[in-house]
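Heads up: the structure comes next, in structure tokens.
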Amino acid sequence: MTSEVAFDVLEQILIGLDVKDIIRCKSVCKSWQSFISSPRFIKAHMKKQDRGDRRICSVNSTCKNDESFSGNNMFIVGSCNGLVCVSPRDVKLEVTNPCTRETRELQTPPCRPRSLKTRCGVECMGFGYDASTYDYKVIAGFRNSKRKLFYLLTLKSNIWKVIGEVKYMTLTNRSGILCGGALHWIMLGKKKKKVIISLDLSTEEFEEIPLPTEAHRFYSPRLCVIEGCLCLYIDSFASSSKKWVMKNNKWELYYYNDKSEYDFVYCLQRWHRRVVDSRKTTRYFYTNALAMVVPRSRDHISDSIYVKSLVSPYPHKVCFLLAYIIIYLIN
């Protein structure tokens, strides 16, 4: 009973600390390390984090996300709960937590020409969390004649599977915008009509969402997340360009206030470290040490929302830690 009270007090103290400070606390003793690594504490700490419009971009921030996707630069597929899905080059995929510097390589998407060395055959991608299975999912859409074939990979399985196909062509937002447990892309449908295609990560079903009527006359509408809502905006340099937000399943015009003129943006960097062993392997890790406050404009408004956390890209670790904690409490 005394130990339970002590851990409750410890949780209230640690929960308000920054992730880097909490990581240092892991070295105090084994019981602290187990407690800090427990799913309960990780979840409680994440809930306390600032959920404002803090975003993350690649260090090559001169490229818009779609331009980086089309080339062979580092491309951020998406971010959720502190995990960032990255394609560092070609069609390679990794999931990293920049705060803990844990990085995990994923299986390469299976549906691609053998000669494909860049992402030119990939129409769209996405990354998000499925609350019904407590798992993270990666999405990859490939051109297949006039249709788009969608593959899905979960972090728990690290195996790709086909989930469906749609008769649309990706227009903008190659990286799906995560909002409300679903990924969103703007695509061209029948008669070249612009629509939003939404993929629910729990049901793995697609849904078509119409654009605001006025938005159809603009050439390049784009998606982002503002204040927790799906937002459609016109791709222009002006931060005051017209924007709509989805509230209660309806589009509403979005109006700026003094607090919404700027975004806090982290820059993701990839580093390498030579490991001294028989293979002389090189391991890569990511950091988000660089941060900047920028005007809310086209340059970063469509970047993924980011929150610092202790979440691991290895879900199976949670199971081992949970078993260890149960054994520890029993003894």
Side-chain angles (χ1 to χ4, degrees), residues 56 58 65-66 68-70 74-96 104-113 116 118-144 147-189 195-209 222-225 230 268 302-306 311 313 315:
I56 190 163
S58 67
N65 220 15
D66 285 356
S68 181
F69 184 95
S70 302
M74 185 172 76
F75 169 76
I76 294 180
V77 176
S79 172
C80 182
N81 294 340
L83 294 182
V84 185
C85 184
V86 186
S87 178
R89 58 182 173 80
D90 306 332
V91 285
K92 185 178 181 180
L93 288 170
E94 296 174 340
V95 173
T96 183
R104 178 185 178 185
E105 290 187 14
L106 303 180
Q107 290 287 338
T108 303
C111 183
R112 62 190 181 95
L116 179 61
T118 64
R119 305 182 194 104
C120 61
V122 185
E123 279 281 318
C124 58
M125 303 190 84
F127 177 72
Y129 180 67
D130 178 3
S132 66
T133 60
Y134 307 102
D135 202 358
Y136 293 85
K137 296 181 175 181
V138 184
I139 306 296
F142 295 85
R143 287 192 297 270
N144 183 15
R147 301 182 181 186
K148 196 182 316 302
L149 189 65
F150 277 85
Y151 279 75
L152 179 146
L153 174 143
T154 67
L155 290 196
K156 288 182 179 179
S157 70
N158 198 21
I159 297 173
W160 291 95
K161 68 174 184 178
V162 178
I163 58 171
E165 59 181 22
V166 295
K167 297 180 181 180
Y168 300 95
M169 183 179 73
T170 307
L171 182 62
T172 58
N173 296 103
R174 296 293 185 94
S175 176
I177 300 300
L178 179 65
C179 186
L183 290 166
H184 305 81
W185 300 269
I186 294 181
M187 299 189 181
L188 286 177
V195 295
I196 296 172
I197 296 300
S198 170
L199 173 61
D200 189 299
L201 291 174
S202 294
T203 63
E204 297 177 7
E205 295 180 352
F206 295 94
E207 180 185 357
E208 185 177 305
I209 301 174
R222 299 178 66 86
L223 295 172
C224 66
V225 174
L230 184 67
L268 188 72
S302 61
D303 290 336
S304 297
I305 298 295
Y306 175 72
V311 176

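Quick note: residue numbers are just sequence positions, from 1. Computed from heavy atoms alone, side chains included, the values below leave out hydrogens, waters and symmetry copies.
Side-chain contact check for N158 versus L106: some heavy-atom pair is nearer than 4.5 Å. Residues V77 and V86 fail the side-chain proximity criterion, which asks for heavy atoms closer than 4.5 Å. Residues I76 and D303 fail the side-chain proximity criterion, which asks for heavy atoms closer than 4.5 Å. Looking at heavy atoms from C-beta onward, E208 lies out of side-chain contact with I196 at the 4.5 angstrom threshold. You'll find the side chain of R222 reaches within 4.5 Å of the side chain of S302, heavy atoms only.
Among the candidates N81, D130, T154, the single residue satisfying the side chain to side chain donor-acceptor pair (under 3.5 Å) test with Y136 is N81.
W185 and F150 have their aromatic ring centers within a separation under 6.0 angstrom.
Looking at every heavy atom in both residues, L93 comes nearest to W160 through CD1-CZ2, 3.6 Å.
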>> Apply side chain to side chain contact (heavy atoms under 4.5 Å, CB included) to residues I186 and L223 and explain how you reach the verdict.
In response: CA-CA 7 Å; I186 294 181; L223 295 172; 3.6 Å; yes
> When you look at Y134 and Y129, which way does the side chain to side chain contact (heavy atoms under 4.5 Å, CB included) test go after all the steps?
Replying inline: CA-CA 7 Å; Y134 307 102; Y129 180 67; 3.4 Å; yes
>> Does I177 form a side chain to side chain contact (heavy atoms under 4.5 Å, CB included) with V225? I'd like the steps, not just the answer.
In response: CA-CA 7 Å; I177 300 300; V225 174; 3.5 Å; yes
>> Before you tell me yes or no, could you show the steps for E204 and K161 under side chain to side chain contact (heavy atoms under 4.5 Å, CB included), namely the whole-Å CA-CA distance, both residues' side-chain angles and the distance that decides it to 0.1 Å?
In response: CA-CA 12 Å; E204 297 177 7; K161 68 174 184 178; 3.5 Å; yes
> Given K156 and D135, is the salt bridge (charged side-chain N to carboxylate O under 4.0 Å, His left out) satisfied, shown in steps?
Replying inline: CA-CA 7 Å; K156 288 182 179 179; D135 202 358; 5.1 Å; no
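Formation of a donor-acceptor pair under 3.5 Å by the R104 side chain with backbone atoms of P313 is found in this model. Although no hydrogens or angles enter the test, the distance criterion places no donor-acceptor pair under 3.5 Å between the side chain of T108 and the main chain of K92. Put simply, the side chain of K148 gets close to the backbone of Y168: a donor and an acceptor are under 3.5 Å apart. Listed for the S79 side chain is a donor-acceptor partner under 3.5 Å among the backbone atoms of I305.
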